[in-house]
Amino acid sequence: MSAADLAATARELVAAGKGILAADESTPTIKKRLETIDVESTDETRRAYRELLFTTEGIGEHVSGVILYDETLRQSSAEGVPFVKLLAEAGVMSGIKVDGGAKLLALAPGEKVTEGLDGLRGRLEEYVDLGARFTKWRAVITIGDGIPSATCIEVNAHALARFAALSQEAGLVPIVEPEVLMDGAHDILACAAVTEKTLECVFAALFEQRVSLEGMLLKPNMVIPGKDCGAQADPEEVAAATLQVFRRVVPAAVPGVVFLSGGQSEEEASANLNALNALAASAPWQLSFSYGRALQQSALKAWGGKAGNLAAGQAALRHRARMNGAARTASYNANLEAESAAA
Ligand code: 13P
């Protein structure tokens with residue numbers, strides 16, 4: 001695949017009014033999510049839940065791509081249609097999480113590095129054969145007493161760039177995800193400083209390793225106070241702080257920034273994305289979403305593991321997708337939220 005093809009795929013993923021559904025929870029993570037609705041995590045319950053998401057009518061209206069987990073990429077609907085095919089028929093591209101998770105970083109208490117580069121070239125070839133069009137790798141950076149260290153940021157940036165280069169070599173668009181976690185009591189300024197340093201280091205590594213910026217997407221955190229910080233920020237403050245950092249360190253050649261929700265509530269994530277788009281009419285990048293929890297939380301709850309609640313679960317997902325689609329054009333508001341939820 002040529003660099004131009006990669007760039008076209010990346011742009012398609014951030015097409016007007018659309019964003020990405022992150023449904024790539026690893027087996028331990030989806031187990032935790034299913035536990036919140038008292039459903040045991042089995043091959044079949046995981047499959048049934050993902051089928052609910054992917055067969056939502058009209059999913060392709062506001063969802064350009066879905067990130068899958070290895071197991072899910074190989075699964076099919078109850079009727080035997082592979083999920084990848086089913087999504088393609090709905091106009092939705094399939095992507096795949098390829099990292100092996102964040103593990104403790106040696107000699108760096110409280111910090112993590114994401115593993116999974118060994119054998120990645122071979123796995124990517126297989127994912128292409130299975131129909132994947134894009135990939136994702138998540139690094140986590142924790143803010144705490146004396147951390148993050150420069151070492152933690154550098155090793156994660158290096159791995160993200162290795163992953164991105166291998167993905168592009170295989171003809172897959174990499175979604176580069178350096179997540180500065182919301183955990184902690186730090187304020188918005190601390191998040192801004194760490195996010196700026198992290199993104200600066202990530203783009204230096206991407207440049208060093210010859211990654212084509214036009215053929216990738218960035219999946220970052222918003223600049224936001226820690227969950228336990230006494231001074232929370234309204235959407236306008238989050239948008240201003242985020243854009244200030246991004247204008248400094250995210251090259252204009254990157255076609256899109258697809259934010260993670262990272263523990264924000266569904267409505268918060270929509271309101272913040274809306275404020276970002278309202279403030280950034282002239283930004284060089286598309287500002288979109290790649291939400292996991294902020295697209296799925298109410299759908300999971302409405303379903304509750306009961307086949308009879310399928311339609312309610314799908315309606316909840318459709319509603320959130322519509323709200324985030326509206327946030328992309330800065331036309332989300334509380335009235336729309338209430339009207340669409342009631343519809
Ligand atoms: P959240 O939106 O729930 O943070 O998930 C996005 C994601 O893919 C994390 O890797």
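Order of listing sets the numbers, starting from 1, for every ligand and every atom in it. These values consider heavy atoms only, across backbone and side chains, with no hydrogens, waters or symmetry-generated copies. Predicted model only: the values in this text are computed from it and were never measured.
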**OP:** Can you label the angle between the Phe54 ring and the Phe83 ring as parallel, tilted or perpendicular, going by 30° and 60°?
**Re:** perpendicular
Subject >> Side-chain donor/acceptor of Thr45 to backbone N/O of Glu40, under 3.5 Å >> reply: yes
**OP:** Return the protein residues near ligand 1 (heavy atom under 4.0 Å from any of its atoms), ordered by chain and residue number.
**Re:** Ala22, Asp24, Lys136, Arg138, Glu177, Lys219, Leu260, Ser261, Gly262, Ser290, Tyr291, Gly292, Arg293
Original post:
Can you name the residues that form a ring pair (Phe, Tyr, Trp, His ring centres under 6.0 Å) with Tyr49, not counting sequence neighbours?
Top reply: Trp303
Original post:
Hey, are Glu44 and Arg47 close enough for a salt bridge, meaning a charged N less than 4.0 Å from a carboxylate O?
Top reply: yes
**OP:** Examine distances only and state if a side-chain atom of Glu237 and a backbone atom of Asp234 form a donor-acceptor pair shorter than 3.5 Å.
**Re:** yes
Original post:
Does a salt bridge link Arg320 with Glu337, judged by any charged N lying under 4.0 Å from a carboxylate O?
Top reply: yes
